[in-house]
Amino acid sequence: MSDNPYLAHLEPHQRGTGSSEGGAPFDGWIARKVDGKQVEKAMDGTTNPFTLRPHSKRYMDILKLRKNLPVHQQMSEFIEMFQSSQFTVMVGETGSGKTTQIPQYVAYADLPHLRRPGLQVACTQPRRVAAMSVAKRVADEMDVSLGDEVGYSIRFEDCTSPKTFLKYMTDGMLLREAMNDHMLSRYSTVILDEAHERTLATDILMGLLKDIAKRRPDLKIVVMSATLDAAKFQNYFFGAPLLKVPGRTFSVEVFYTPEPEPDYLEAAIRTVLMIHQAEGEGDILVFLTGEEEIEDACRKISMEADNLPHSIGPLRAIPLYSSLPPQQQQKIFDKAPAPRTPDGPPGRKVVISTNIAETSLTIDGIVYVVDPGFSKQKIYNPRIRVESLLVSPISKASAQQRAGRAGRTRPGKCFRLYTESDFVKELEEQTYPEILRCNLASVILELKKLGIDDLVHFDYMDPPAPETVMRALELLNYLAAFDDEGNLTPLGDLMSTFPLEPQLAKMLIVSPEFKCSNEILSIAAMLSVPNPYLRPNSQRKEADEAKAQFAHPHGDHLSLLNLYHAYRTNPDSQWCWANYVSFRAMQQADNVRNQLKRSMEKMDLDLVSTAFEDKSYYDNIRRALTCGFFMHVAHREGDKNGYTTVKDNQIVGLHPSNGLDNNPEWVLYNEFVLTTRNFIRTVTEVRPEWLLEYAADYYDVKTFPQGETRRALERVMQGGKKSSGSKSGGDEGRERKKRKKDKSGR
DNA sequence: GAGCACTGC
């Protein structure tokens with residue numbers, strides 16, 4: 001056996017050991033330990049142990065920088081800890097180098113005892129861009145081509161090869177893989193990065209890995225977090241050892257207001273102008289909660305800045321939020337405006353942003369941060385089954401993250417628009433994990449597919465409210481994804497394979513029976529992307545007119561289909577621009593549609609259409625919609641435009657963005673939005689007969705409370721009896737007459 | 001007659 005552990009993997013007697021064919025797959029693997037010195041030697045050596053090619057000069061240059069990172073000081077300590085424990089918790093603040101270095105250390109430690117050819121190290125990230133950019137950087141650091149030994153895997157893009165042993169990927173992607181491989185058997189080590197963000201996928205992966213680890217003693221798990229809640233992770237992972245690495249950022253001086261600010265928007269604007277007039281050079285970053293607020297603030301700041309004396313430099317306000325076209329988002333990287341005169345005072349830019357600048361986007365040159373202490377957060381109300389966005393106070397961790405944005409390039413200042421005592425006493429330590437704030441229908445379906453039988457006692461780091469789990473189970477049972485015993489049905493199994501909400505998956509799966517799977521594919525894709533209709537403030541009328549071209553009188557789902565078809569005949573940005581349509585959203589919809597289509601083909605679900613000339617073309621589509629969304633139905637009550645949701649009895653209005661040509665008695669909706677009032681958005685007319693036919697259990701009239709909805713259903717049932725024999729024909733006739741009357745009545 | 005925090009499959 002070679003003395004060099006990094007050449008040992010070439011020896012056939014080792015490579016062959018523990019092959020997964022036959023016998024227990026994870027027994028008998030050779031586990032040779034390495035230490036920090038050996039790794040250091042391998043890093044400095046002339047041969048790259050991963051490729052057996054000589055190290056390039058560029059590699060050596062980058063290596064010098066790597067050795068300057070704080071985390072490098074603790075490489076030996078990490079490797080020792082990693083090899084002696086199945087779980088390791090690692091805390092490294094911004095600038096520690098953990099995301100790029102730790103996975104490489106793991107690769108050096110796992111390589112000498114490569115237990116099976118093809119075994120990989122996975123490092124998860126909450127965001128796609130991070131997975132891609134970090135993989136690129138690490139490929140450079142390791143002197144390999146991206147996609148060969150080091151790669152990444154995100155939705156729509158798999159940049160890996162059979163040679164890949166270090167793979168950066170989104171957490172959601174690893175979760176998807178786990179659904180087909182419950183043991184995650186292709187990985188020797190899984191590293192969960194940014195675990196403090198507590199995304200839905202990371203939380204589920206943590207519970208899952210804890211479970212898998214029992215059956216795979218060879219599997220190692222590293223959990224990396226940026227904040228100081230490490231004890232919680234340690235406790236959760238059986239008292240795992242902890243490694244702390246200091247960060248490397250510049251100091252940020254934090255200021256609080258002496259008194260609470262009654263109007264944070266006004267205070268934020270005032271603070272920006274104050275900084276601009278009184279503080280030294282450097283750009284400003286302001287955190288606000290949403291698009292409207294941000295545009296408003298930009299206008300006001302620009303106005304105020306124009307009124308300042310010329311002894312003060314120019315100030316340019318730049319908005320930043322996710323629905324902004326990429327071209328406009330790029331403006332945050334523009335230089336600050338030039339002085340008004342060659343020897344005048346320097347200009348300054350102020351970026352007014354949502355939370356997107358907290359983690360997803362980094363702007364260099366920010367020296368001042370203004371933090372009013374709020375963000376929009378999702379909350380779920382299981383009682384009425386509604387998710388909504390609420391402006392809420394941020395957590396201490398989030399405030400710290402925001403402040404850190406001022407210290408990336410040099411020492412900075414952070415102005416918090418709340419009192420120090422509020423910060424200490426009122427703010428939560430951590431932001432509530434997502435799993436406690438959302439509808440769990442897809443999560444519960446996924447867990448079942450992951451082989452978790454006892455959903456209530458699954459080892460959640462923070463268990464969701466039992467009522468939320470119950471709501472999810474109930475929904476899945478009505479959709480026939482779970483049987484009455486809570487077991488996954490074949491339909492549920494099929495549903496779980498689609499990256500869609502259960503309702504959307506259901507309508508897609510039944511769509512071939514209604515001869516409209518091609519169309520439902522398009523609708524499902526359109527519903528999976530952000531709102532495709534653009535409506536700039538200055539051109540609302542034009543935008544509304546453009547949107548009206550696609551409107552279908554029977555509903556917004558059908559309008560989305562029209563829009564998709566129109567785009568397919570003109571799939572270019574010019575056409576989108578001219579029609580007030582988001583090109584980005586349409587491209588995304590195309591991507592999603594292709595992915596869903598591939599799944600349909602794999603599952604042997606037919607891709608079919610009803611002939612467009614056939615008068616049942618649109619009805620077939622609406623019937624398929626009904627099969628997925630019968631729990632999202634509202635009934636018009638009284639003569640007014642008010643609707644009441646079925647079963648939950650919430651009073652709602654049609655969202656003004658709807659394109660219906662009247663107020664139909666029964667509608668199904670895609671989402672319930674809670675803003676100034678309750679609205680149902682993306683709405684399509686539905687026939688009550690379909691509800692009774694396709695969701696007989698849910699629409700069992702006996703279970704309805706006395707009220708208008710129940711009486712209406714009873715009328716439908718009686719009507720159905722009378723006209724039996726020519727059922728659908730009779731309905732068609734009535735519907736047409738009714739519509740005609742509604743129109744003429746205006 | 002009003003809005004879309006941010007991610008992810």
Side-chain angles (χ1 to χ4, degrees), chain A residues 124-131 153-158 169-180 194 197-205 287-296 320-324 353-361 374-379 387-392 394 398 401 431 433-435 437-438 442-443 445-446 449-450 495-502 504-505 524-525 528-537 540 543-544 582 585 588 591-592 595-596 599 641 653-660 671 673-682:
Chain A
T124 68
Q125 297 291 324
R127 284 167 291 278
R128 301 161 47 110
V129 245
S153 174
I154 59 179
R155 189 182 188 181
F156 308 129
E157 204 183 339
D158 181 14
M169 63 205 300
T170 47
D171 48 9
M173 200 70 195
L174 185 59
L175 196 57
R176 275 281 141 187
E177 280 189 14
M179 287 170 65
N180 297 317
E194 315 290 359
E197 289 193 25
R198 303 292 306 277
T199 64
L200 211 43
T202 294
D203 263 25
I204 299 167
L205 282 170
F287 287 99
L288 291 177
T289 66
E291 172 176 345
E292 205 182 334
E293 213 173 69
I294 287 167
E295 293 292 353
D296 191 30
L320 176 64
Y321 42 88
S322 74
S323 62
L324 218 51
S353 171
T354 59
N355 256 4
I356 193 171
E358 199 177 296
T359 47
S360 306
L361 273 172
F374 292 96
S375 69
K376 279 192 189 169
Q377 288 167 37
K378 192 161 66 182
I379 51 163
E387 275 182 355
S388 52
L389 283 174
L390 195 71
V391 174
S392 323
I394 58 170
S398 184
Q401 174 73 19
T431 310
E434 198 182 356
I435 199 165
R437 296 188 284 116
C438 67
S442 335
V443 171
L445 183 61
E446 277 164 19
K449 174 68 179 174
L450 285 162
M495 281 165 64
S496 72
T497 62
F498 289 95
L500 292 172
E501 287 287 305
L504 289 172
S528 303
V529 301
N531 180 8
Y533 302 109
L534 299 176
R535 198 166 183 252
N537 265 335
R540 289 189 183 174
D544 289 346
S582 157
Q588 270 181 47
N591 273 336
V592 173
Q595 188 189 33
L596 297 175
S599 295
N641 303 335
L654 300 183
H655 195 274
S657 63
N658 86 82
L660 291 165
E671 55 181 346
V673 290
L674 206 159
T675 51
T676 48
R677 280 164 53 205
N678 291 337
F679 288 109
I680 48 178
R681 190 162 51 194
T682 311

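Every chain is numbered from 1, with letters handed out A, B, ... down the list of sequences. Quick note: numbers below take in every heavy atom, side chains included, and nothing from hydrogens, waters or symmetry partners.
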Pick base, sugar-phosphate or nothing for [X], based on heavy-atom distances below 4.0 Å to the nucleic acid.
{"X": "A:Arg540", "answer": "base"}
{"X": "A:Arg176", "answer": "base"}
{"X": "A:Thr354", "answer": "sugar-phosphate"}
{"X": "A:Phe498", "answer": "nothing"}
{"X": "A:Ser322", "answer": "sugar-phosphate"}
{"X": "A:Arg535", "answer": "base"}
{"X": "A:Leu200", "answer": "nothing"}
{"X": "A:Ile356", "answer": "sugar-phosphate"}

List for me each residue that meets salt bridge (charged side-chain N to carboxylate O under 4.0 Å, His left out) alongside [X], sequence neighbours excluded, and say none if there are none.
{"X": "A:Arg437", "result": "none"}
{"X": "A:Asp544", "result": "A:Arg535"}
{"X": "A:Lys449", "result": "A:Asp493"}

Legend entry - Nearest-nucleotide comparison on DNA chain B, the residue closer to the 5′ end among A:Ser442 and A:Glu292: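 Looking at the nearest nucleotide for each, A:Glu292 comes out on the 5' side.
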Inset, instruction - Let me know, please, whether A:Gln377 or A:Pro499 comes out on the 5' side of the other along DNA chain B by nearest nucleotide. - result: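 Nearest-nucleotide comparison on DNA chain B picks A:Gln377.
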Inset, instruction - With a 4.0 angstrom cut-off to heavy atoms of chain A, pull out the first and last contacting nucleotide of DNA chain B, in 5'-to-3' order. - result: B:dG1 to B:dC9
Inset, instruction - State which residues pass ring-ring contact (aromatic ring centres under 6.0 Å, His included) with A:Tyr533; sequence neighbours excluded, sorted by chain then number. - result: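 Per chain and number, A:Tyr533 pairs via ring-ring contact (aromatic ring centres under 6.0 Å, His included) with no residue.
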Legend entry - Any residue meeting ring-ring contact (aromatic ring centres under 6.0 Å, His included) with A:Phe498, in chain and number order, not counting sequence neighbours: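 Expected list: none.
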Legend entry - A:Thr202 versus A:Glu197, side-chain donor and acceptor atoms under 3.5 Å: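 A:Glu197 vs A:Thr202: no donor-acceptor pair found between side chains.
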